[in-house]
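Predicted model only: the values in this text are computed from it and were never measured.
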Amino acid sequence: MSRTIASEIEPKWQAAWEQAGTFRASRSGDKPKYYVLEMFPYPSGRIHMGHVRNYTMGDVIARYKIATGHNVLHPMGWDAFGMPAENAAMASGGHPKDWTYQNIADMRAQMKPLGLSIDWSREFATCDPEYYGQQQALFIDMLAAGLVYRKNAVVNWDPVDMTVLANEQVIDGKGWRSGADVDRRELTQWFFNISAYSEELLTAIDSLDSWPAKVKLMQANWIGRSRGVEISFPLSTPTAGLESLVCYSTRPDTLHGATFMAISPDHPVAKTLAESSADIAAFCLEARKGGTTEEAIEKADKKGFDTGLTVRHPIWPDRQLPVWIANFVLMDYGTGAIYACPSHDQRDLDFAVKFGLPVVNAFNMPGETNVIGKEALVPGKDVTVEYVNHFTGLVRATAYDVIEASIDWLEARGLGKGQVRYRLRDWGLSRQRYWGCPIPVVHCENCGVVPEKKENLPIRLPDDVTFDVPGNPLDRHPTWRNCACPSCGKPARRETDTMDTFVDSSWYYARFTAPHAATPTVMADAEYWMNVDQYIGGIEHAILHLLYSRFFARAMQITGHLPAKAIEPFDALFTQGMVTHEIYMTRDENGRPVYHFPEDVENGALKATGEKVEIIPSAKMSKSKKNVVDPVSIVTTYGADTARWFVLSDSPPERDVEWTASGAEAAAKHLARVLRIAGEVAAMADTGPTAEDTDLLRAMHKTIHEVTQGVESFGFNAAIARLYGFTNTLGRSGAGAAAKRQATMALAQLMAPMTPHLSEEIWAMLGGEGLIAVAPWPKADAAMLIDDTVTLPIQINGKRRSEITVPKDMPAAEVEKLVLADEAVVRALEGGAVKKLIVVPGRIVNVVI
RNA sequence: GCCGGUGUGGCGGAAUGGUAGACGCAGCGGAUUCAAAAUCCGCCGGGGCAACCCCCCGUGAAGGUUCGAGUCCUUUCACCGGCACCA
């Protein structure tokens, strides 16, 4: 049966939708628009179960919205630039372009049998010149609007591959590909000034009502607003043209405990001192090393160098604090200099202990001499602290109030300046890579950096490149770099950096509204289709992709490419869980793990040899662990509807779902059963109504109500449970042919978003009009949702002891009488009195004795 | 370290403060069959009872609010996720 569904029914209906243009979106009609979007895939060449789950969820929403009278836009594209294509080219000698487009063709062919309601006419890949040319236009507009700039930045440089590496590509200080020691090199790079929008991006989070709280929190933490104060400490000897060291502190209340200053090895003072001192130069070089990876930071020892300089404490002029260069002070946060208060900051304390610097407890009451041990004293912001604040005089307040009072006190005396700072940095977009969108600027000896003329766009990637030598092929291409200056016309050189691929995915949602336009967007289309009503994707994009997209929506508004209402591009966001699977493992003769594909294992043993396998609990499907199930083989074996039904059924969509062979089998069986029941109903002779008609129709209306609620609230697993229940009812019902036919057609409709092919088949079998894909969603009759009688549980002292069945509108007084006459109640009372009797109409009764 | 989330049968998971365990998987029993597959029917948290009834216990742990708590509050444990030498 499932073979039939897979091989005959599914292709038939896919062809029918295709022919009818069912999912072609157009900006017309008086229906409300609805834009549903799933995060577009990277064309790796194979779809995986995670894709199936993601796109199925979007498809359920899209199909449900079509049925409820919306004009739906549901597009699909390819996030097609990026390193894997270049790596493949380096490994196999092919071309990234061929590799990518072949993968797209393969994946599209794997995706189409899923029966998704996608408007394929809007498909594009970000590596299409038509797309990246418009991205270049956008870049030029952003450059003109001051949203992009160039500056020197310290980057991870792989000297073998001759490229910049992202932090996560540096492992133990070595390049992940080359294994070479990574340098920290200062290069001129392009940046989006996203940090200028820190406050805006932070406060606007509040408006994202239909985003998961978790994602909003992660974004807020990433932006990392902090309130503090800038304080100047006069230097004993002016250095690097500076009279004093400025530091930023969020804890000015601890100023009394300041015992030394620490500056970053990259601080101008440190750099100046390094020029005249080989020791300092050596120290700074050493301190800068250590890499930027997480482990490296975790393990990093405190390193320090006493410069011999001192600064004067701004409040107590008799105190001179030594200035140290310290490896734990970062140049790109705050001012690159800190005053250290070891008593109230763990890092400062660790440093002080290591280098024998004094520790003064700023929170001591007069006369108290509380000594700080190995742990710094750090009160919570809401905790009331009791101590003499040595300058403001506040004695007992929350730490938060003390900090605010300290800032005010310092400001009033001109000693400090209250400040708000953010963790968010500007977004470096330059990549020394071939397979990305060329940055459309030209370097001219006369005119400097000049944006390319828009009529010259797209600046295409040259096809004739080689990957046999490391480095950026654009850099060493014989002719590509040569061009005429757009401003003066003299010979000039192109920028050879390409854009971070996150740029490509930061505006594709807008491009889908007019995917083939000669401008980045068309205002009328954007005005009509934006915003994305429902965006669906993995939690792994909670921060960067979504933050960048929010920034781009603002940038595109400033540059006139999006309407004001699209300032937040995604009205609702849903982050779905992963598809997981058990891992099957044996060990080789050396005890090393050997993993096995699920299809090679049966009943806990290898099919081939019968050797028992170790079963490791379910984890994210991964090729290296071989715990993968190929959607293509599932679709071939069981059909797309089975795969769709299963990935929706077992777990709530935001959680992980474990793929099991028995679960997939069960899904296939169930769908076959529904088809069988429908066949029986279709073949039923009309015998007239029976006594069971009403029961069946009541169940139908309840199911309509509950499934509708489930789909509306992303409760797909609960909706499917209701559909199972209704199928059981239908299968056992002795209702007449007409009622059964009605119930079966409703079942098909309710299942249609999840199992569209099967539903079309049943719809046609029972004489439904047109395609079920466009049939109006069934409505629950409110009157049919309420039974004539209700069964009320009777609790005695809060424990269920009995129940009574009464007419639905029986007055409470009469219910009480019946309850008091109930056998279980009488027995429990033993002739005693009822203390209290609670009747919740239509719900429950509680007898308190 | 800071911020957040989640803990319910053998398993995945249901449950607007109102009958805990819907629905599915696995398991057990039965029907059908020469037999199997497929299908259909039934049972299925733990304990007490010969047994239906019935009684006791049960949503990580301990308290609390309430007629009534998986759900609300306090404390606590475990696991998961995000951020992090961010001053």
Side-chain angles (χ1 to χ4, degrees), chain A residues 1 212-222 224 226 228 247-252 254 262 264 290 294 296-298 300-303 326-330 332-341 344-348 350-351 375-376 378 380-381 421-425 539-540 542-543 580 618 646 649-652 654-658 660-667 669-670 672-673 676 706 715 717-728 731-732 791-803 823-824 827 835-840 842-849:
Chain A
M1 187 63 88
K214 181 182 184 172
V215 174
K216 292 199 276 186
L217 196 74
M218 281 161 72
Q219 294 231 337
N221 288 342
W222 186 262
S226 75
C247 30
Y248 171 73
S249 171
T250 57
R251 291 295 308 281
T254 64
S264 161
E294 213 172 298
I297 289 165
E298 196 104 328
D301 249 351
K302 294 278 180 289
K303 292 175 192 163
N327 64 336
F328 71 92
V329 180
L330 307 172
D332 54 358
Y333 186 81
T335 61
I338 62 165
Y339 80 78
C341 177
H344 303 296
D345 184 289
Q346 193 60 48
R347 292 157 308 172
D348 296 352
D350 293 345
F351 193 88
E375 299 212 351
V378 186
K381 281 213 159 184
R421 291 197 179 249
Y422 303 89
R423 209 189 70 97
L424 183 65
R425 299 296 142 70
I539 188 75
E540 67 275 18
I543 298 173
T580 64
S618 211
F646 181 78
S649 65
D650 255 22
S651 291
E654 68 276 14
R655 275 198 231 173
D656 292 350
V657 64
E658 183 181 5
T660 61
S662 57
E665 190 73 34
K669 277 184 189 173
H670 178 73
R673 180 172 175 232
R676 195 167 54 240
E706 289 167 345
N717 57 324
I720 283 182
R722 300 281 109 60
L723 289 167
Y724 267 108
F726 184 56
T727 306
N728 290 339
R732 288 165 202 168
T791 299
L792 296 178
I794 299 176
Q795 294 183 330
I796 295 170
N797 290 336
K799 287 182 180 172
R800 186 187 173 282
R801 283 293 178 265
S802 181
E803 62 182 33
E823 197 188 332
R827 190 170 56 231
K835 274 198 201 140
K836 203 168 177 182
L837 185 59
I838 290 145
V839 177
V840 185
R843 270 276 176 214
I844 202 164
V845 179
N846 194 6
V847 186
V848 186
I849 295 170

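You'll find that the side chain of A:Asn846 is closest to B:rC67, out of B:rU16, B:rC86, B:rC67. Nearest nucleotide to the A:Asn728 side chain, out of B:rG18, B:rG13, B:rG24: B:rG24. If you check B:rA14, B:rC85, B:rC25 against the side chain of A:Ala666, the one that comes closest is B:rC25. Counting only heavy atoms from C-beta on, A:Thr250 has its side chain closest to B:rA87 among B:rC86, B:rA87, B:rA38. Here the nucleotide nearest the side chain of A:Pro793, chosen from B:rU19, B:rA14, B:rG24, is B:rU19. Minimum atom distance to the side chain of A:Ala721 is reached by B:rC23, of the listed B:rG82, B:rC25, B:rC23. For A:Arg801, the side-chain atoms get nearest to B:rC56 when compared with the rest of B:rC56, B:rA20, B:rA22. The listed nucleotides are B:rA87, B:rG13, B:rG18; the one nearest the side chain of A:Ser651 is B:rG13. Counting only heavy atoms from C-beta on, A:Val840 has its side chain closest to B:rG18 among B:rA87, B:rC67, B:rG18. Among B:rC23, B:rU19, B:rC83, the nucleotide with an atom closest to any side-chain atom of A:Arg423 is B:rC83.
Look at CG on A:Leu217: it is 13 Å from P on B:rG82, rounded to the nearest Å. Nucleotide B:rC3 holds its P atom 20 Å from the CD atom of A:Gln219, rounded to whole Å. Remark: C1' of B:rG82 and CD1 of A:Ile543 are 6 Å apart, rounded to the nearest angstrom. Going from atom CD of A:Gln795 over to atom C1' of B:rG17 covers 11 Å, rounded to whole Å. Following rounding to the nearest Å, A:Ile844 (CD1) and B:rU16 (P) show an atom-to-atom distance of 14 Å. Rounded to a whole Å, the CZ atom of A:Phe328 is 9 Å from the P atom of B:rC86. When the C1' atom of B:rG24 is taken as reference, atom CD of A:Glu658 falls 14 Å away, rounded to whole Å. Across the protein-nucleic acid pair, A:Arg347 atom CZ and B:rC2 atom C1' stand 12 Å apart, rounded to whole Å.
Contact annotation for A:Asn797: no contact, since no heavy-atom pair falls under 4.0 Å across all strands. Residue-level contact check: A:Ala718 touches neither bases nor backbone, having no heavy atom under 4.0 Å from any strand.
Side-chain N/O atoms of A:Arg655 and base N/O atoms of B:rC80 include no donor-acceptor pair closer than 3.5 Å. Side-chain atoms of A:Lys835 stay outside donor-acceptor range of the base of B:rC67, with no qualifying N/O pair under 3.5 Å.
Pair assignment for B:rA14: none, as no Watson-Crick or G-U wobble contacts are both less than 3.5 Å. Pairing for B:rG9 is absent, judged as Watson-Crick or G-U wobble with the two contacts each under 3.5 Å. When both distances must be under 3.5 Å, the Watson-Crick or G-U wobble mate of B:rC49 does not exist. With a cut-off of 3.5 Å on both Watson-Crick or G-U wobble distances, the partner of B:rC83 is given as B:rG1.
A:Tyr248 has no side-chain polar atom (N or O) that falls below the 4.0 Å cut-off from OP1 or OP2 of B:rA87. Remark: A:Asn221 is not in phosphate contact with B:rC2, judged by side-chain N or O atoms under 4.0 Å from OP1 or OP2. For A:Lys799 and B:rC57, the shortest distance from a side-chain N or O to OP1 or OP2 is below 4.0 Å. For B:rC67, one of the phosphate oxygens OP1 or OP2 lies less than 4.0 angstrom from a side-chain nitrogen or oxygen of A:Lys836. Remark: A:Arg732 is in phosphate contact with B:rC41, judged by side-chain N or O atoms under 4.0 Å from OP1 or OP2. Taking only side-chain nitrogens and oxygens, A:Arg676 comes nearer than 4.0 Å to OP1 or OP2 of B:rC40. Put simply, A:Arg843 has no side-chain N or O that comes within less than 4.0 Å of OP1 or OP2 on B:rU16.
A gap of 23 Å separates the C1' atoms of B:rA26 and B:rA15, to the nearest Å. B:rA78 and B:rG60 have their P atoms separated by 16 Å, given to the nearest Å. Comparing the P positions of B:rU59 and B:rU19 gives a spacing of 16 Å, expressed to the nearest Å.
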Exercise for review: May I have the step-by-step check of side chain to side chain contact (heavy atoms under 4.5 Å, CB included) for A:Asn797 and A:Val848, ending in yes or no?
Suggested key: CA-CA 5 Å; A:Asn797 290 336; A:Val848 186; 3.7 Å; yes

Practice item. Take A:Tyr248 and A:Ser226 through the test side-chain hydrogen bond (donor to acceptor under 3.5 Å, both in side chains) and record every step on the way to the result. Key: CA-CA 11 Å; A:Tyr248 171 73; A:Ser226 75; 2.8 Å; yes

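Considering A:Leu723, A:Thr727, A:Ile720 in turn, A:Thr727 is the only one that fulfils the side-chain contact (heavy atoms from CB on, under 4.5 Å) rule with A:His670.
Nearest approach of A:Ile844 to A:Leu792, heavy atoms of both residues: N-CD2, 3.9 Å.
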